[in-house]
Amino acid sequence: LGDITGWLIRWSQGDGAALERLMPAVYDDLCRRAAACLRRERQDHTLDTSALVHEAFLRLVDQQRYSWRNRAQFLAIAARMMRRVLVDHARRHNATKRGNGFEWVGIDEALNVPAPNQIPVLVLDDVIGRLEKLDRRLAQLVELRTFGGCTLEESAEVLQVSESTAKREWRTVK
């Protein structure tokens with residue numbers, strides 16, 4: 001973990017070689033988090049884990065304004081980028097629909113509906129946006145857990161609160 005923080009700091013200072021060392025070090029972790037994120041999506045989703053990670057990482061690379069401090073901060077920003085990628089993708093997908101948002105589907109497709117605990121990404125994004133107006137930290141907790149695949153321990157680290165506070169707030173949000 002020390003290497004990752006060091007590479008992040010060097011990258012934020014303009015060291016391109018640090019970015020080349022960072023990517024392989026965080027790639028598997030980002031893939032694991034992206035896979036968790038995509039498990040909540042519809043089964044016919046056209047983004048796969050690699051595409052989500054690559055698109056999010058491209059957006060991360062464009063974040064010149066960040067002064068990277070540590071791995072936790074990186075995970076928080078990665079979660080935000082994955083959220084943006086999925087929301088943008090969902091908006092493009094919905095924009096292609098005709099018939100006022102309704103789409104004719106075959107009976108086989110109609111039977112392949114998401115489980116009740118699967119919240120559409122645009123609905124989740126809207127809920128997080130509204131929650132952010134009420135309590136920014138709770139909104140960030142939801143973003144970390146749902147889009148970043150962070151554990152409660154990792155979320156607590158990012159939010160700089162105790163793990164018990166993160167657990168209590170997660171119960172409140174749920």
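Linking ILVMFWY residues whenever their side-chain heavy atoms come closer than 4.5 Å, directly or via other members, leaves I77 and I9 in distinct clusters. No path of Ile, Leu, Val, Met, Phe, Trp and Tyr side chains, each step under 4.5 Å between heavy atoms, connects L141 with L134, placing them in separate hydrophobic clusters.
The minimum heavy-atom distance between C31 and T49, with the atom names listed, is O-CG2, 3.2 Å. Scanning both residues, W7 and A25, for their nearest heavy atoms gives CZ3-CB, 3.4 Å. For L52 against A34, the heavy-atom pair with the smallest separation is CD2-CB, 3.7 Å. Heavy atoms only, all atoms of each residue included: V161 and A166 are closest at CG2-N, 4.2 Å. The two residues V53 and Y27 make their nearest non-hydrogen contact at CG1-CE1, 3.8 Å.
Side chains of L75 and V26 form no contact here, defined as non-hydrogen atoms less than 4.5 Å apart. Taking 4.5 Å as the limit, every side-chain heavy atom of F147 sits out of range of all side-chain heavy atoms of V142.
In this structure, the side chain of S155 engages the main chain of T151 through a donor-acceptor pair within 3.5 Å. Checked by atom type and distance alone, the side chain of E55 never pairs as donor or acceptor with a backbone atom of A51 at under 3.5 Å. Without hydrogens or angle criteria, R10 side chain to A18 main chain gives no donor-acceptor distance under 3.5 Å.
Relative ring orientation between W11 and F74 is described as perpendicular, the plane-to-plane angle rising above 60° on a 0-90° scale split at 30° and 60°.
Rounded to the nearest 0.5 angstrom, E153 CD and E163 CD are separated by 5.0 Å. The structure places CE of M23 at 12.0 Å from CD of E20, a figure rounded to the nearest 0.5 Å. For the atom pair S162 OG and L152 CG, the distance stands at 11.0 Å (nearest 0.5 Å). Note that the CG atom of L138 and the CD1 atom of I128 stand 11.5 Å from one another [nearest 0.5 Å]. Interatomic distance, CG of L144 versus CZ of R137, reported as 12.0 Å (0.5 Å rounding). Taking CD1 of I4 as the start and CG of N70 as the end, the distance is 11.0 Å to the nearest 0.5 Å.
Checked for salt-bridge contact, R71 and E154 meet the test: a charged N lies under 4.0 Å from a carboxylate O. Comment: D125 engages R91 in a salt bridge, judged by a side-chain N to carboxylate O separation of less than 4.0 angstrom. The pair R130-D126 counts as a salt bridge, with a side-chain nitrogen and a carboxylate oxygen less than 4.0 angstrom apart.
Checked against L86 for a side-chain contact (heavy atoms from CB on, under 4.5 Å), the options L47, L124, L122 give a single hit: L47.
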Q: Kindly determine whether V173 and R145 satisfy side-chain contact (heavy atoms from CB on, under 4.5 Å), including the steps that lead there.
A: CA-CA 11 Å; V173 169; R145 300 277 291 152; over 6 Å; no
Q.
Test side-chain contact (heavy atoms from CB on, under 4.5 Å) on V158 and Q140; report intermediate values, then the result.
A. CA-CA 9 Å; V158 170; Q140 191 174 8; 3.9 Å; yes
Q.
Does L30 form a side-chain contact (heavy atoms from CB on, under 4.5 Å) with M82? I'd like the steps, not just the answer.
A. CA-CA 10 Å; L30 290 176; M82 283 193 246; 4.2 Å; yes
Q: Kindly determine whether F57 and V85 satisfy side-chain contact (heavy atoms from CB on, under 4.5 Å), including the steps that lead there.
A: CA-CA 10 Å; F57 202 80; V85 169; over 6 Å; no
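Residues satisfying the salt bridge (charged side-chain N to carboxylate O under 4.0 Å, His left out) criterion with R168, sequence neighbours excluded, are absent altogether. Residues satisfying the salt bridge (charged side-chain N to carboxylate O under 4.0 Å, His left out) test with D88, not counting sequence neighbours, are R59. Residues meeting the salt bridge (charged side-chain N to carboxylate O under 4.0 Å, His left out) test with R171, sequence neighbours left out: none.
Remark: R32 CZ is packed, more than 12 non-hydrogen atoms of other residues, nucleotides or ligands lying under 6.0 Å away.
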